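Encoded as structure tokens, the structure appears first; notes follow it.
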Amino acid sequence: PQQSSTAGIPLAFGGYPITPTPFQPLPTQTSTSTSTPTSTPQPVVFPSPLPTIEIPPSAKIETIRGYPQTLNLSCESRSAVDWAGYFGVSISELDFLSQLPQSDDPNKGFVGNPNGPGGLVPPYPYGVHAAPVAALLRAYGLPAEDVVGLSVERIKKEIAAARPVIVWIIFGTAPGYALQYTTQAGEVVNVAPNEHTAILIGYDPEGVTLLDGAAVYWRSWDVFLRSFQVLGNMAVIYQPR
């Protein structure tokens, strides 16, 4: 998560100085009788399958709003609170950021100074992956689920159902590449230079529409998927139980 410039007011996050940046079956009945039944057997009737939801060729969520991210590496928090706001839960970006756990493992917490330089990988300033973000959104009462391997078909189903999707991409939807990082606990995780998040809010036969902070832009499926695949099609979806 990153943006272009810094300036501003001091805040605190894990001991780091922070400078805000202007950017953004039916029950069976057991018979006790041993007599031979005399009635004619009836055919078994199976329940009809649930109707298949037809995915429209295009869909777009028009009522979601985004705002510029405050800090250089706070894109995940900005995406999370804009996503939450769409579902009726108001959260401050910096409040959300301050409640994320800190770790050198982005699958467990935020890595590094959220106002550090972009383009680095752990243990240097980096950001956070989907699992901690989804967990914190659930703490706010939202049925958020972190997923990997999110398919194009599922993306379309989510958007067609008016549920925006937070996606982990490379900054600028560049193709990018993944690296393996060994955490202090000895776990090997995939990370990517210039990791970034945006909210997927639309699709059509040729591409997708993304809300990235306050910016809305379109990318072809090919460009989007090459960027999305770097971290394994990682996302947060709205998953009502």
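The shown structure was predicted, so the numbers you read here are calculated from the model rather than taken from an experiment.
Checked by atom type and distance alone, the side chain of Ser98 pairs as donor or acceptor with a backbone atom of Asp95 at under 3.5 Å. Under a 3.5 Å cut-off, the side chain of Trp83 and the backbone N or O of Ile199 do not form any donor-acceptor pair. For the pair Ser227 (side chain) and Ala174 (backbone), a donor-acceptor distance under 3.5 Å is present. Not one N or O on the side chain of Asn190 forms a donor-acceptor pair closer than 3.5 Å with the backbone of Ala178. Checking side-chain atoms of Ser74 against main-chain N and O of Ser77 turns up no donor-acceptor pair under 3.5 Å.
Between Phe224 and Phe228, the ring planes are parallel. Angles under 30° get that label, and only those over 60° would be called perpendicular.
The shortest side-chain heavy-atom distance between Pro114 and Pro125 does not fall under the 4.5 Å cut-off. The side-chain heavy atoms of Leu94 and Leu71, taken from C-beta on, include a pair separated by under 4.5 Å. Side-chain contact between Leu97 and Thr70 is absent, with no heavy-atom pair separated by less than 4.5 Å.
Hydrophobic clustering keeps Tyr124 apart from Ile170 (ILVMFWY residues linked when any side-chain heavy atoms are closer than 4.5 Å, directly or through intermediates). A chain of hydrophobic side-chain contacts below 4.5 Å, direct or via other Ile, Leu, Val, Met, Phe, Trp or Tyr residues, connects Trp168 to Tyr238. Residues Val236 and Leu150 fall within the same hydrophobic cluster, defined by Ile, Leu, Val, Met, Phe, Trp and Tyr side chains chained together at heavy-atom separations under 4.5 Å. Cluster membership check: Val188 does not share its hydrophobic cluster with Leu231, using side-chain heavy-atom separations under 4.5 Å among Ile, Leu, Val, Met, Phe, Trp and Tyr. Note on Val165 and Val223: separate hydrophobic clusters, where clusters join Ile, Leu, Val, Met, Phe, Trp and Tyr whose side-chain heavy atoms are under 4.5 Å apart, directly or indirectly.
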*Given side chain to side chain contact (heavy atoms under 4.5 Å, CB included), test Val208 with Val167 step by step and report yes or no.*
CA-CA 12 Å; Val208 298; Val167 291; over 6 Å; no
*Apply side chain to side chain contact (heavy atoms under 4.5 Å, CB included) to the pair Phe110 and Leu73, showing each step before the final yes or no.*
CA-CA 10 Å; Phe110 195 100; Leu73 305 181; 4.1 Å; yes
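Residue Trp218 belongs to no hydrophobic cluster, having no ILVMFWY side-chain heavy atom closer than 4.5 Å to its own.
Annotation: the span from Ile64 atom CD1 to Arg163 atom CZ amounts to 13.5 Å, rounded to 0.5 Å. Note: Ile201 CD1 to Asp82 CG = 11.0 Å, rounded to the nearest 0.5 Å. Note: Thr173 OG1 to Tyr217 OH = 5.5 Å, rounded to the nearest 0.5 Å. Here Thr197 contributes atom OG1 and Gln69 contributes atom CD; the two are 7.5 Å apart, rounded to the nearest 0.5 Å. Between the CD atom in Gln102 and the CG atom in Asn113 there is a gap of 9.5 Å [rounded to 0.5 Å].
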Cut-off 3.5 Å, no hydrogens considered: what does the side-chain donor-acceptor table look like for residues 128-149, sequence neighbours left out?
| residue | atom | partner | partner atom | Å |
| --- | --- | --- | --- | --- |
| His129 | ND1 | Asn107 | OD1 | 2.9 |
| His129 | NE2 | Tyr126 | OH | 2.9 |
| Arg138 | NH1 | Ala144 | O | 2.9 |
| Tyr140 | OH | Gln99 | NE2 | 2.5 |

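For Pro106 against Pro122, the heavy-atom pair with the smallest separation is CD-CG, 4.2 Å. Smallest separation of non-hydrogen atoms from Val189 and Asp105: CG1-OD1, 3.6 Å.
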